K.L.:
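Below are the structure tokens for one structure; questions will follow.
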There are 2 protein chains.
Amino acid sequence: MLLFWERGYEGTSVGDLSEALDIGKPSLYAAFGNKENLFLEALQLYENTYGCFSPNALNDAPTARIAFAETLRRNAESQLNPDTPPGCFIVLAATVGTPQNAEVRAHLTRRRQATRDHLAARLTRGIADGDVPAGADPQAVATFYATVINGLAIEARDGARQADLDRIVTGALAAWDSLVGA
Amino acid sequence: MLLFWERGYEGTSVGDLSEALDIGKPSLYAAFGNKENLFLEALQLYENTYGCFSPNALNDAPTARIAFAETLRRNAESQLNPDTPPGCFIVLAATVGTPQNAEVRAHLTRRRQATRDHLAARLTRGIADGDVPAGADPQAVATFYATVINGLAIEARDGARQADLDRIVTGALAAWDSLVGA
DNA sequence: ATGATTTTCTACCGATCAGTATAAAACCGT
DNA sequence: ACGGTTTTATACTGATCGGTAGAAAATCAT
């Protein structure tokens, strides 16, 4: 997971993984089948542990605004966890590459779309709960914050510090009223 | 340029380039030296033609706010130019990869930093011109909008449409007053 | 048109890629 | 201790990587 996170799907060879895990390549293939499946299991592990996006933080908060604030703050923090490579695995590991790995990229695109859908659903609930104006466009607002989350991954890779990311989050949250049409 | 743009640095082989240009590999090497230099020349061509960020649009506008609005709108449009791959070359072509290509990634990181610096410089000028509050933090504001620009590249790659990107830009601009401390 | 120069084509280099055949070694219940 | 099973280490496959040697072909000045 850490190697895929640091170098991406195509930047990580099965030999690298075999060496890092101190396990022979045949054992690796016996356990995971092939490189793509191994990557998908690493992605699953990522989402279950260090994942930069937490649906729980989104749903547990009492209002949509608080939920988004908490989600973005956690996101900014997890993107610079000193124990792991900077930036979000899902955003960075496979955005471009060879045609033969298109399926891996499509899988990560679907994960990013899932994040967008989670954000939009929380806004829809906020409208139902009455803490978001009825005229708000959940898809549009969700896409804006998803864009910020994606952009944070690049910033983190470029060497941004925690204070930098926190300021970005604060700026994004400042747009809330205008975005939801308050 | 189009191949590197579509597939990234490591996702594009010299054989692919040789075939696409209908030029033998030895001719390619005679003209460009090696793959890395060829990539840097493709990047130069990108910045001179389709580049998603235009310093001119930033400096020609009368106020910083208008400059940022124009810059972001042009950016959102160029990221979905139907004649070229979606998303910004500089953001997408090499964000992760093998250690041996670290220098290529560092080069693109420097280009992204240059964009950030351009944005900050325009804000500093805005303060001098009096159209931006004196208390504004140019670096912080510039980093926020750079993050949005980076995030747009991912959105474009994920299949966003022009209206989607335009809404993101509108949302980002809505945060202006709060960001500059008006 | 000719001799010299440049360009291009074919074929190759060693290294590395994802993936595997084979056989030794470790483990297991009995 | 033993036969049967699983795991592991070595060594390999064909394909592709970035890059190049050497010969053929096209170009050029005269």
Side-chain angles (χ1 to χ4, degrees), chain A residues 1-46 85 89-90 92-111 157, chain B residues 1-46 85 89-90 92-111 157:
Chain A
M1 177 187 72
L2 293 172
L3 272 176
F4 279 131
W5 196 344
E6 174 75 40
R7 306 180 183 180
Y9 180 72
E10 293 181 359
T12 306
S13 76
V14 178
D16 293 336
L17 296 161
S18 167
E19 188 177 350
L21 296 168
D22 201 29
I23 282 175
K25 278 168 60 176
S27 301
L28 233 174
Y29 275 92
F32 297 101
N34 57 32
K35 185 187 180 183
E36 179 169 343
N37 194 66
L38 171 49
F39 176 80
L40 294 180
E41 296 216 26
L43 168 60
Q44 192 76 45
L45 174 60
Y46 170 78
F89 183 117
I90 294 173
L92 297 173
T95 50
V96 296
T98 71
Q100 68 203 31
N101 292 322
E103 181 51 37
V104 169
R105 290 195 297 281
H107 192 95
L108 287 187
T109 291
R110 286 192 291 272
R111 301 310 305 144
R157 256 319 141 101
Chain B
M1 178 188 72
L2 293 172
L3 272 176
F4 279 132
W5 195 345
E6 173 75 41
R7 307 180 182 180
Y9 181 72
E10 293 182 358
T12 306
S13 76
V14 178
D16 294 335
L17 296 161
S18 167
E19 187 177 350
L21 295 169
D22 201 30
I23 282 177
K25 278 168 61 176
S27 302
L28 234 173
Y29 276 93
F32 297 101
N34 57 32
K35 186 187 179 184
E36 180 169 343
N37 194 66
L38 170 50
F39 176 80
L40 294 181
E41 296 216 26
L43 168 60
Q44 193 76 44
L45 174 61
Y46 171 78
F89 182 119
I90 294 173
L92 297 173
T95 50
V96 296
T98 71
Q100 69 205 28
N101 293 322
E103 181 51 38
V104 170
R105 291 195 297 281
H107 192 96
L108 288 186
T109 292
R110 285 193 292 273
R111 300 309 306 143
R157 256 317 142 102

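All values derive from a computational prediction rather than experimental measurement.
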K.L.:
Looking at D:dC17, I'd like to know if its phosphate oxygens (OP1 or OP2) sit under 4.0 Å from a side-chain N or O belonging to B:Ser13.
P.N.:
yes
K.L.:
Can you check the B:Gln100 CD to C:dA15 C1' distance for me, whole Å?
P.N.:
10 Å
K.L.:
Has the side chain of A:Asn37 got a donor or acceptor atom that lies under 3.5 Å from a matching backbone atom of A:Asn34?
P.N.:
no
K.L.:
Using a cut-off of less than 4.0 Å, is there contact between a side-chain N or O of B:Ser27 and OP1 or OP2 of C:dT8?
P.N.:
yes
K.L.:
Measure from CG on A:Leu28 to C1' on D:dA9 and round the result to the nearest Å.
P.N.:
14 Å
K.L.:
Nearest-nucleotide wise, let me know which of A:Pro26 and A:Gly15 is further upstream toward the 5' end of DNA chain C.
P.N.:
A:Gly15
K.L.:
Hey, would you say the A:Phe39 and A:Phe89 ring centroids sit under 6.0 Å apart?
P.N.:
yes
K.L.:
Can you tell me the distance, in whole Å, between the CG atom of A:Leu17 and the P atom of C:dC17?
P.N.:
11 Å
K.L.:
For B:Asn34 and D:dT20, what is the distance between atoms CG and P respectively, to the nearest whole Å?
P.N.:
8 Å
K.L.:
Can you check whether B:Tyr29 has a side-chain N or O nearer than 4.0 Å to OP1 or OP2 of D:dT20?
P.N.:
no
K.L.:
When we call it a touch if two heavy atoms are under 4.0 Å apart, what does B:Thr12 touch: a base, just sugar-phosphate, or nothing?
P.N.:
sugar-phosphate
K.L.:
Whole angstrom is fine here: how far is it from CG in B:Leu3 over to C1' in D:dC17?
P.N.:
16 Å
K.L.:
Would B:Lys35 and B:Phe4 count as a cation-pi pair here, with the cationic atom under 6.0 angstrom from the ring centre and within 45° of the axis?
P.N.:
no
K.L.:
Without decimals, in angstroms, what is the distance between B:Lys25 NZ and D:dA23 P?
P.N.:
20 Å
K.L.:
May I ask you to decide if B:Glu10's main-chain N or O and A:Glu10's side chain share a donor-acceptor pair within less than 3.5 Å?
P.N.:
no
K.L.:
How many whole angstroms separate atom CD of B:Glu19 from atom C1' of C:dT8?
P.N.:
17 Å
K.L.:
Please report, rounded to the nearest Å, how far the C1' atom of D:dT7 is from the CG atom of A:Leu21.
P.N.:
16 Å
